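FYI, the numbering just counts along the sequence from 1. All values reported here derive from a predicted model rather than from experimental measurement.
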Amino acid sequence: MIKSDIQSLFPTPVYMANINRKLTNRELSFVEEQKKHCQSNKGNINTIDNYILNKPELKKIKKFLEECCDDYLQKVICPKHNPKLRITQSWLNYTEENQYHHQHEHPNSVVSGVFYINADKQNDNIKFFDRDYRQIFPAIDKFNSWNSTSWWFTAETGQLVMFPSSTSHQVDFKKGSNTRISLSFNTFYKGTIGENKDLAELIL
């Protein structure tokens, strides 16, 4: 038996947190109403309003998401000059049975997030893809985080998933009779990033 150790180099962080409360009737009624004001996406629909977190009905959810952005920043990025991750655009997604959400990334954003307003843990998930698209690949007997080109996590109501915006992801064809509802958002830095003496300072 060979004694060995395998380290994970340059991993992609996938941050997860749960709001740990039931959404209020006001929040749920607002989300249901917004379904009437949507546009077609590739495989499902999303709200025409793509600054949805500016609505007062979602004020408490936005506060939770902002707290998680701060937590992600301190635990994952660990910046020197204490910038903030400011939420930029935000929108609601509605996915019915047999609909899907195409594979995509989020440009002009640092970290992106998906907050699940209605998700069935038994059927709903989010799938991520490796940025290294390998051309030579043997048949795999047992998949793990090193040999897989995609990986998925279950989605459940009240859960938040955050990840680097360059990470490619998608939603497979929806199973189950529930309407999968998620709130997606992008972020960008606010404050000082980079060092003045390195000629890399950027004040936003």
Side-chain angles (χ1 to χ4, degrees), residues 14-73 84-127 152-163 165 167 169-190:
V14 178
Y15 173 104
M16 297 185 184
N18 198 294
I19 198 168
N20 289 323
R21 69 168 175 85
K22 290 185 177 180
L23 300 184
T24 67
N25 289 335
R26 186 184 188 213
E27 291 166 340
L28 292 173
S29 295
F30 174 79
V31 169
E32 186 63 29
E33 174 65 22
Q34 294 309 299
K35 192 176 181 182
K36 302 174 184 176
H37 310 285
C38 284
Q39 58 192 353
S40 295
N41 196 5
K42 294 180 180 178
N44 61 359
I45 61 173
N46 58 24
T47 50
I48 295 171
D49 184 352
N50 49 31
Y51 289 90
I52 204 74
L53 281 172
N54 291 341
K55 299 298 186 183
E57 292 87 348
L58 301 182
K59 181 179 180 180
K60 292 181 180 179
I61 292 177
K62 183 177 183 180
K63 184 176 185 295
F64 166 71
L65 299 179
E66 288 174 334
E67 289 172 352
C68 290
C69 284
D70 290 341
D71 192 46
Y72 181 103
L73 194 65
K84 294 287 187 180
L85 277 178
R86 180 176 65 88
I87 294 176
T88 54
Q89 289 188 292
S90 56
W91 60 97
L92 291 164
N93 307 287
Y94 302 84
T95 308
E96 304 286 355
E97 187 175 8
N98 295 322
Q99 292 185 328
Y100 66 96
H101 202 160
H102 67 291
Q103 184 177 342
H104 63 285
E105 303 82 36
H106 292 226
N108 299 327
S109 176
V110 179
V111 177
S112 294
V114 182
F115 175 70
Y116 295 101
I117 293 171
N118 185 20
D120 176 8
K121 190 176 181 180
Q122 299 302 315
N123 291 304
D124 292 328
N125 61 64
I126 181 170
K127 181 185 285 187
W152 59 265
F153 297 95
T154 57
E156 60 181 297
T157 301
Q159 182 186 39
L160 168 67
V161 180
M162 293 174 62
F163 46 90
S165 299
T167 309
H169 56 287
Q170 76 174 38
V171 175
D172 288 332
F173 281 93
K174 173 81 177 74
K175 297 179 181 180
S177 58
N178 68 301
T179 299
R180 173 187 175 129
I181 306 174
S182 62
L183 192 162
S184 298
F185 63 92
N186 291 329
T187 66
F188 209 78
Y189 288 117
K190 181 179 180 180

Q: Could you give me the CA-CA distance, side-chain angles and deciding distance for Leu73 and Tyr189, then say whether side chain to side chain contact (heavy atoms under 4.5 Å, CB included) is met?
A: CA-CA 10 Å; Leu73 194 65; Tyr189 288 117; 3.9 Å; yes
**Q.** From His101 atom NE2 to Asn41 atom CG, the distance as rounded to the nearest 0.5 Å
**A.** 4.5 Å
**Q.** Shortest non-hydrogen separation from Thr157 to Ile117 and the atoms involved
**A.** CG2-O, 3.2 Å
Q: Looking only at non-hydrogen atoms, find the nearest pair between Ala155 and Arg180 and report the distance.
A: CB-NH2, 4.5 Å
Q | Validation row: Asp124, Val171 side chains within 4.5 angstrom (heavy atoms) | A | no
Q) Are the side chain of Ser90 and the backbone of Leu53 linked by a donor-acceptor contact shorter than 3.5 Å? A) yes
Q.
Assess whether a salt bridge exists between Lys36 and Glu33, defined as any Lys/Arg side-chain N lying under 4.0 Å from an Asp/Glu carboxylate O.
A. yes
Q: Would you give the length of the straight line joining atom CG of Leu58 to atom CG of Leu23, rounded to the nearest 0.5 angstrom?
A: 9.5 Å
Q | Taking every non-hydrogen atom, the tightest pair across Ser112 and Asn186 | A | OG-OD1, 2.7 Å
(Q) If you define the side chain from C-beta out and look only at heavy atoms, does anything of Trp152 sit under 4.5 Å from Thr154? (A) yes
**Q.** Pairwise side-chain contact, Val111 with Phe163, heavy-atom cut-off 4.5 Å (strictly under)
**A.** no
Q) Which atom pair, heavy atoms only, marks the closest approach of Ile45 to Cys38? A) CD1-CB, 3.9 Å
Q) Does a side-chain heavy-atom distance below 4.5 Å link Asp70 with Lys84? A) yes
Q. Above 12 or not: heavy atoms from other molecules or residues under 6.0 Å from CD of Gln122?
A. no
Q | Minimum heavy-atom distance Arg26-Pro56, with the two atoms named | A | NH1-O, 3.9 Å
(Q) Would you compute the distance between atom SG of Cys68 and atom CE of Met16 and round it to the nearest 0.5 angstrom? (A) 12.5 Å
Q) Can you tell me how far CD1 of Ile126 sits from CG of Asp172, rounded to the nearest 0.5 angstrom? A) 10.5 Å
Q.
Do Lys62 and Phe185 have side chains that approach each other closer than 4.5 Å (heavy atoms only, starting at C-beta)?
A. no
Q. Given Ile19 and Tyr116, is the side chain to side chain contact (heavy atoms under 4.5 Å, CB included) satisfied, shown in steps?
A. CA-CA 10 Å; Ile19 198 168; Tyr116 295 101; over 6 Å; no
Q) Which atoms form the tightest heavy-atom contact between Asn18 and Asn20, and what is the distance? A) OD1-N, 2.9 Å
Q: Check the pair Lys60 / Arg21 against side chain to side chain contact (heavy atoms under 4.5 Å, CB included), numbers first and verdict last.
A: CA-CA 11 Å; Lys60 292 181 180 179; Arg21 69 168 175 85; 3.7 Å; yes
Q. Once you round to the nearest 0.5 Å, how far does CD1 of Ile181 lie from NZ of Lys35?
A. 6.5 Å
Q | Separation between CE of Met162 and CG of Asp71, rounded to the nearest 0.5 Å | A | 9.0 Å
Q | Validation row: Glu96, Lys174 side chains within 4.5 angstrom (heavy atoms) | A | no
Q | Side chains of His37 and Thr47 in contact at under 4.5 Å (non-hydrogen atoms) | A | no
Q) Would a line drawn from the ring center of His169 to the ring center of His106 be shorter than 6.0 Å? A) yes
Q. For Ser184, which residues count as a side chain to side chain donor-acceptor pair (under 3.5 Å) partner, sequence neighbours excluded?
A. Asn93
